[in-house]
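The next block holds one structure in the form of structure tokens; read it before the comments.
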Number of protein chains: 2
Amino acid sequence: MASKITLEEVARLAGVSTSTVSRHLNGTHFVADEKAAAIEQSIQRLNYRPNLVARGLARGRTLTVGVLTQEIVSSFFNEAMRGVEDGLIGHEYDAIFASTHWERDDEAKRLASMEGRRVDGLILIHPGIDDATLDRHAQTVPMVVVGRQVNSRFVHSLAFDHGLGAQLAMEHLLELGHRRIAYIGGPTGRADADQRFTTYRHALQSAGIAFDPRLVAPGNYVEAGGLSAMTLLLDRGLPFSAVFCANDDSAYGAMLALHRRQLRVPDDVSVVGFDDVAHSAYCVPPLTSVKQPLRELGREAANAVVALIDGRKPPRGPMARLELVVRESTRALPMQSAKATSAATRQKATSRRST
Amino acid sequence: MASKITLEEVARLAGVSTSTVSRHLNGTHFVADEKAAAIEQSIQRLNYRPNLVARGLARGRTLTVGVLTQEIVSSFFNEAMRGVEDGLIGHEYDAIFASTHWERDDEAKRLASMEGRRVDGLILIHPGIDDATLDRHAQTVPMVVVGRQVNSRFVHSLAFDHGLGAQLAMEHLLELGHRRIAYIGGPTGRADADQRFTTYRHALQSAGIAFDPRLVAPGNYVEAGGLSAMTLLLDRGLPFSAVFCANDDSAYGAMLALHRRQLRVPDDVSVVGFDDVAHSAYCVPPLTSVKQPLRELGREAANAVVALIDGRKPPRGPMARLELVVRESTRALPMQSAKATSAATRQKATSRRST
DNA sequence: CTGTTAGCGCTTTCAG
DNA sequence: CTGAAAGCGCTAACAG
């Protein structure tokens, strides 16, 4: 284990003081060309790498921003994380990630750990921690929260209007002539999920369609949940020609359930998702979905923390908007079946796409 | 910005010396119950959090292991990362992640950064850096490499036998009666991809089937590549009843291409992937794939670095094996079409699943 | 058991 | 422009 070499050794070899080396390294002051060269040389020869830990202690800042996400195995969070990475390029900060697996305790622990590491700023993606706690922490370290509106003047929150997104999805379905539209929900109690559901009901109402609770099934944002939700819906035997899923992963599960019952998308039922995760452009059929520009969101978050750290006010630019990406999982309801045939009763029927 | 409080303040409030507080915190020595209580109390009152940076500098170890991955937006890498997280639970180490986006330069930079942060150990997932460089770094910091066999006695490598996996996939297809088996490759020059391809050829040979280069198309491990590869294959107009894809993402793309040409999986062509990424159980149809137990691999990697750090020899247990997970994207070739009908010429034909 | 005293490696006044 | 010296916050001998 080759011993780590230090600034002091470099200084000695170059015949200067440690402060000079430090200054040269950080460009804080001009250093005589001659000495600079000598320093450069000994750095090479010794293969010196500054100890960031010591530097962090001395400077009082670590040049790191901590990113807390719920789950690493998730295209959704990944996109945002990637955005953060992108956004940090060009700034002098590095990101370190940690995930909390939806456990509130874990979140608290990770948060503490990040603070212990003295990150200069924090980005929390869809945190579950309550506003008050967040507010408290934000008083100690610059914090931006992504995916949720936090009621605190210390934390900078970046969130989309999920209602608007759901609106887009519903309008699309309605315009295609669908009247019996089922809904597969997200985890209850989460603002974004609630918002989507509320909009689903409102949209129905605005279109003069009675809300039917039997057309909604609970989901949990993951494939398995979508699968069982759709199975439940189908088992109830009520007719519906389209389904709006609270997120893409649920939609995948729903599509598989449909497939298992020999029902075809979009011929038998149209499905629209939410998130427009990378995979959605490649599933069969490609999924119509509400795109959340997560990458961009991540980038904005990165810029915001850096601004916060620098004591600037984060630019409150016009945020990227949610938009509907129409693909092949939705189609207009054919006139003859506008009377809403029952998907359930058509199981195993032969209504195939006319070739 | 509430000022960060220090050990010293805690000590003062508790009326003891800093070392006593430190000892109590780390459990290095017994501390009188009375004082311990006082310390505990002032910690509470001041809401003290140890400064891990200072601690790291003083101890000479940071209790962190760095994890370098190629891409954060990838179910493949995610699984392994998650495994590392899991494997670290119970140990006193935290993981910090960084991704390098397949850029060799980025890799070097990140590696340097991790070393600068004085991580106690390093896990590199599918690094592109050459063996010699890896070997050099490994002499300074405990290192385990996942996904590749590194020729160095300093680095501990953990890799699967991709040849075996490919073997499994091919045997499955062959047993199902397929003779004309196409292949969609991975990025050239990468050991794992090369290994899979080689095995594809060998398996064909062993089965007495002539290798036909026109049945292989280049891919790049991502959906788009799989899509164009399959399109190319179809355009060549040669008959094939099955396709082996170098990884799952390619398979998704291939399945979409098939869908676009009105070809059905597995009725018209069977497809098998490699990796068995989480989503594969939920695509339509669920994909038959060679499972790489990445999660477990990540866990093992975590245990290995910890062992290495502690100066122990990492346990070389029997590693989890690759296995074939048979789902619904493959099926036996019906006898009558055993003479290998041309998928291409059947495009838009009506051969649908008999209902 | 506990206080005192040195550092860990680097930055940053403070004087030249 | 540059050296000396004083920390950053915590741990780890070293003496009680």
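The basis for the numbers below is simple: all heavy atoms, side chains too, and nothing from hydrogens, waters or symmetry mates. All chains are named by letter (A, B, ...) in the order of the sequence lines, taking the proteins before the strands, and each is independently numbered beginning at 1.
A salt bridge does not link A/Glu115 with B/Arg49: none of the charged nitrogens is closer than 4.0 Å to a carboxylate oxygen. We find that A/Glu103 and A/Arg110 are not joined by a salt bridge, their nearest charged nitrogen and carboxylate oxygen being 4.0 Å or further apart. Comment: B/Asp86 engages B/Arg82 in a salt bridge, judged by a side-chain N to carboxylate O separation of less than 4.0 angstrom.
In this structure, A/Glu8 atom CD and C/dT11 atom P are separated by 13 Å, rounded to whole Å. A straight line from CD of A/Glu34 to P of D/dC1 spans 14 Å, rounded to a whole angstrom. Here the P atom of nucleotide C/dT2 and the CG atom of B/Asn26 are 15 Å apart, to the nearest Å. The interatomic distance linking A/Ile39 (CD1) with C/dC10 (P) rounds to 13 Å, in whole Å. The CZ atom of A/Arg61 sits 12 Å away from the P atom of C/dT11 (whole-angstrom rounding). For the pair B/Leu7 CG and D/dA12 P, the interatomic distance rounds to 12 Å; values are reported in whole Å. The interatomic distance linking B/Arg59 (CZ) with D/dC8 (P) rounds to 20 Å, in whole Å. Straight-line distance from the NZ atom of A/Lys35 to the P atom of D/dC1: 12 Å, rounded to whole Å.
The nucleotide whose nearest atom lies closest to any side-chain atom of A/Ser17 is, among D/dG9, C/dG9, D/dG3, D/dG3. Of the listed nucleotides (C/dT2, D/dC10, C/dT11), D/dC10 has the atom at the smallest distance from the side chain of B/Ala58. Closest to the B/Phe30 side chain, of the nucleotides D/dC10, C/dC1, C/dT2, is C/dC1. Side chain of B/Ser19, nearest nucleotide from C/dT11, D/dT11, C/dG3: C/dG3. Of the candidate nucleotides C/dT11, C/dT2, C/dG9, C/dT11 has the atom nearest to the side chain of A/Ser22. Taking the side chain of B/Arg23 as heavy atoms from C-beta on, and the options C/dG9, D/dC14, D/dT2, the nearest nucleotide is D/dC14. Here the side chain of A/Leu57 is nearest to one of C/dT2, D/dG9, C/dT12, namely D/dG9.
Counting non-hydrogen atoms under 4.0 angstrom, A/Val53 reaches nothing in the nucleic acid.
Across the interface with DNA chain C, nearest-nucleotide mapping of B/Ala54 and B/His29 shows B/His29 to be the residue nearer the 5′ end.
For the pairing with B/Thr100, the side chain to side chain donor-acceptor pair (under 3.5 Å) check across B/Gln70, B/Lys109, B/Glu107 returns one residue only, B/Gln70.
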**Asked** Are A/Val150 and A/Asp135 close enough, and set up right, to give a side chain to side chain contact (heavy atoms under 4.5 Å, CB included), and what steps lead you there?
**Response** CA-CA 8 Å; A/Val150 176; A/Asp135 176 80; 5.9 Å; no
